[in-house]
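The structure under discussion appears below in the form of structure tokens.
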Amino acid sequence: MVRFGKHIRLAVPVAWLLTVPAGFAWLWQIREPLDPGHIPIFAVATLLAMLAVYFPVSRNGMPLTLVGWLTLPAFFLGGIFVEAVMMQLALLAAVPGNRKSPDPLQRFFFNSLMFFVLSVASGAAFYATGGITKGMGFSDLALPAAVYLAVHTSGNIGFVRLYQKLIGNPYPFRFRLIRQDLVSALVVLPYALSGYYLYLAIGPVSLPVLAVPFFSIIFLLRLYDTTERVNDMLAKAAELGHGMSGKLTQTEVLDLFVRKVPELLPVDFLYIYDVRNGRIEPLKLVENGEVLSGAWQRRDADTGIGSMVYHSPKGRLYGSRDGWEVFVNGSIHPEAESLIGVHIIRNKTVEGVITVMSKRPYAYEESQLRVLELLGSYLAVALEKARHVQKTVQESERCALTGLYNYRYMETTLHREMEKVNSGRADGLSCVMLDIDHFKKINDIHGHHGGNRVLAEFALLLQERSDPSWTVSRYGGEEFVVLLPGVMKDEAIAFAEAFRSEVEHHAFTVESNGEAAPAMIPVTVSIGVATAPADGDSALGLIRNADRALYTGAKQVGRNKVAAYTG
């Protein structure tokens with residue numbers, strides 16, 4: 001079916017203007033004679049109907065008002081006109097609740113038009129099956145009333161389904177919602193018949209007799225529904241917390257969090273801020289399912305919504321943009337309306353902020369604020385665990401002095417990359433071995449502290465000049481190894497020669513004794529290069545040949561040279 005989208009949204013109020021006012025004028029002309037004594041009871045029943053609409057029971061995300069137990073007896077007493085008027089007035093009570101919908105005015109016009117058409121169609125079906133208003137016998141009402149509700153219920157389902165298709169609603173229309181409406185009709189029918197006959201028997205007192213148990217049950221159902229929804233959210237939150245605790249990196253934790261939170265809450269925008277040294281810095285910003293770039297994130301540092309929530313004593317909940325827009329510095333999406341902001345707390349310290357927003361006004365409830373606070377606690381624990389794991393891994397893989405990978409990590413990587421070369425998954429692998437010349441002399445003159453300063457500075461320079469895909473490691477002492485996957489010998493030699501030249505012209509800093517300024521000393525490096533598969537078909541063979549090139553081709557011929565293994 002073709003989706004008309006905006007055209008349908010415009011057509012609904014137009015159709016309402018053409019149908020509902022004229023329709024009521026027509027119903028007034030053909031209305032049945034009305035007993036003036038029934039007017040007060042109609043007025044009270046209308047107020048109760050508005051109350052039933054204002055406090056619906058939500059099941060599977062759909063509101064159930066069960067208002068038919070009041071409107072159907074009104075139809076039995078006064079005909080289509082009375083029932084239609086009562087239904088339209090009752091719909092006014094839905095206006096405050098409709099503010100959570102994307103277009104409250106559109107929804108009102110649609111509901112008003114739909115229920116007016118259903119009032120007329122259901123009433124016509126009642127009369128067509130032999131129904132008699134103000135009837136006394138059970139046979140005058142029972143079957144026609146069932147037909148009335150069948151037409152009303154099926155028409156309601158059909159209207160909603162058609163409208164969703166025409167506007168292109170992406171959400172599927174589930175059979176359980178149809179079943180829900182049918183069960184509601186089965187509940188309304190006996191209650192409405194009982195109300196009508198009880199009114200004929202005992203008069204107006206029948207309304208409180210039926211209203212008290214009805215609204216008591218509604219209250220209990222609403223309470224049960226709220227508890228059920230909260231329990232469901234808590235269960236999903238606990239599942240998410242467990243999932244995050246199993247992640248080993250901060251990136252994995254945050255990715256899982258931003259992917260799963262929209263399954264618990266209506267989220268169009270999700271902002272996670274980190275608190276460091278009293279500054280609020282964006283950690284992960286997501287808008288309409290898309291992660292914003294790092295450059296965009298930095299412009300909101302220490303200002304705006306993140307700062308507002310951080311400096312609040314507790315979580316914040318706003319139903320519309322009017323409540324929080326004063327805190328915005330211009331970086332929050334202009335379509336954002338509802339907002340929840342909570343602290344990420346660990347050990348009673350606020351370590352971050354989570355803010356979720358929806359395009360719909362009044363999209364959140366207090367229970368959702370509490371669930372998000374719980375998620376903040378789970379996130380804090382998961383991030384701390386991931387940071388601890390990362391620190392442990394880094395300490396086990398890295399040289400404490402230089403920050404480069406250690407021998408063990410380099411050896412594991414070398415075996416893995418050689419396996420790729422031998423299996424044909426990689427064209428080649430170059431191994432560049434570097435040795436700082438006369439390093440013992442540096443230690444003798446400037447002490448081990450000075451030597452360490454040279455090692456650290458040399459390592460930093462080597463890391464900066466290497467490609468991120470390479471593995472840069474400290475092999476031991478003053479020796480370093482760089483693994484260059486996919487790089488052939490000529491390119492590896494060119495890199496080695498460029499780096500050798502840069503080291504030769506770089507002044508390294510060492511601490512001097514006394515109060516003199518730090519000393520600047522010259523350093524040179526000898527380098528050996530070997531490339532697989534030509535220079536070795538095993539990890540041990542490749543690194544041994546790079547070492548041979550270093551000592552026979554560079555060290556033994558004068559140092560400060562680059563030598564390639566020649567076999």
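As the structure is a prediction and not an experimental result, all values here were calculated from the model.
- Rounding to the nearest 0.5 Å places OG of Ser358 at 10.0 Å from CG of Leu265.
- Checked against the 6.0 Å centroid threshold, Tyr310 and Tyr273 do not count as a close aromatic pair.
- Between Phe42 and Leu77 there is a side-chain heavy-atom pair separated by less than 4.5 Å.
- Remark: Phe115 pairs with His152 by the ring pair (Phe, Tyr, Trp, His ring centres under 6.0 Å) rule, at least two apart or across chains.
- Contact check for Leu118 versus Phe159: side-chain heavy atoms found under the 4.5 Å cut-off.
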Given side chain to side chain contact (heavy atoms under 4.5 Å, CB included), test Val82 with Thr71 step by step and report yes or no. CA-CA 9 Å; Val82 171; Thr71 58; over 6 Å; no
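- Minimum heavy-atom separation, Val188 to Gly68: CG1-C, 3.5 Å.
- Atom NZ of Lys284 and atom OG1 of Thr251 lie 6.5 Å apart (nearest 0.5 Å).
- Thr19 contributes a side-chain N or O that, together with a main-chain N or O of Ala15, makes up a donor-acceptor pair within less than 3.5 Å.
- Looking only at side-chain heavy atoms (C-beta outward), Lys134 and Glu32 come within less than 4.5 Å of each other.
- Ring pair Phe257/Tyr378: centre-to-centre distance not below 6.0 Å.
- Between Gln250 and Leu283, the closest side-chain pair of non-hydrogen atoms falls below 4.5 Å.
- Using a 4.5 Å cut-off on side-chain heavy atoms (C-beta onward), Leu89 and Leu47 make no contact.
- Between Leu240 and Leu256 the shortest side-chain heavy-atom distance falls below 4.5 Å.
- The backbone N or O of Val309 sits less than 3.5 Å from a side-chain atom of His343, completing a donor-acceptor pair.
- Between Phe76 and Tyr196, the two ring planes are perpendicular [angle over 60°; tilted spans 30° to 60°].
- Using cut-offs of 30° and 60° for the angle between ring planes, the Tyr148 and Phe126 rings count as perpendicular.
- At a threshold of 4.0 Å, the pair Asp268-Arg360 does not count as salt-bridged, since none of the basic side-chain nitrogens sits closer than that to a carboxylate oxygen.
- In this structure a side-chain-to-backbone donor-acceptor pair under 3.5 Å is missing from His242 to Ala237.
- At least one side-chain heavy atom of Tyr197 sits less than 4.5 Å from a side-chain heavy atom of Leu141.
- The pair Glu335-Lys359 counts as a salt bridge, with a side-chain nitrogen and a carboxylate oxygen less than 4.0 angstrom apart.
- The closest side-chain donor-acceptor pair between Ser320 and Glu337, if any, does not fall under 3.5 angstrom.
- Under the 3.5 Å distance criterion, the side-chain polar atoms of Gln368 are matched with a main-chain donor or acceptor of Glu365.
- With rounding to the nearest 0.5 angstrom, the CG atom of Leu182 is 5.0 Å from the CD1 atom of Ile157.
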From CA spacing to verdict: ring pair (Phe, Tyr, Trp, His ring centres under 6.0 Å), Tyr318, Tyr364: CA-CA 8 Å; Tyr318 295 98; Tyr364 301 121; over 10 Å; no
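- Judged purely by atom type and a 3.5 angstrom limit, Thr349 has no side-chain atom pairing as donor or acceptor with the backbone of Glu351.
- Take Ser216 and apply the side chain to side chain donor-acceptor pair (under 3.5 Å) test, not counting sequence neighbours, and it matches no residue.
- The residues Lys260 and Glu239 are annotated as not salt-bridged, no charged nitrogen and carboxylate oxygen being separated by less than 4.0 angstrom.
- Looking at every heavy atom in both residues, Met357 comes nearest to Ala336 through SD-CB, 3.5 Å.
- In plain terms, the two heavy atoms of Leu210 and Gly195 that are nearest each other are CD1-CA, 3.1 Å.
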Going through the distances and angles, do Phe109 and Met114 end up as a side chain to side chain contact (heavy atoms under 4.5 Å, CB included)? CA-CA 8 Å; Phe109 279 124; Met114 177 181 70; over 6 Å; no
Step by step, work out the salt bridge (Lys or Arg N to Asp or Glu O under 4.0 Å) result for Glu373 and Lys314. CA-CA 10 Å; Glu373 288 177 333; Lys314 58 181 181 179; over 6 Å; no
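- Using the six-membered ring where Trp is involved, His38 and Tyr199 have ring planes that are perpendicular, over 60° apart on the 30 and 60° scheme.
- Within the 3.5 Å criterion, the main-chain N or O of Gly315 finds no donor-acceptor partner in the side chain of Ser312.
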Evaluation steps, side chain to side chain contact (heavy atoms under 4.5 Å, CB included), between Thr355 and Ile340: CA-CA 6 Å; Thr355 303; Ile340 298 180; over 6 Å; no
Test side chain to side chain contact (heavy atoms under 4.5 Å, CB included) applied to Gln88 and Phe116, step by step: CA-CA 7 Å; Gln88 294 296 315; Phe116 178 81; 3.7 Å; yes
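- A donor-acceptor distance shorter than 3.5 angstrom exists from the side chain of Ser206 to the backbone of Gly203, with no hydrogens or angles considered.
- For the pair Leu264 and Val371, the minimum side-chain heavy-atom distance is below 4.5 Å.
- Heavy-atom minimum distance, Val147 versus Ala125: CG1-CB, 3.9 Å.
- The backbone N or O of Pro144 sits nowhere less than 3.5 Å from a side-chain atom of Tyr127 that would complete a donor-acceptor pair.
- Judged by distance alone, the side chain of Ser122 and the main-chain N or O of Ser119 form no donor-acceptor pair under 3.5 Å.
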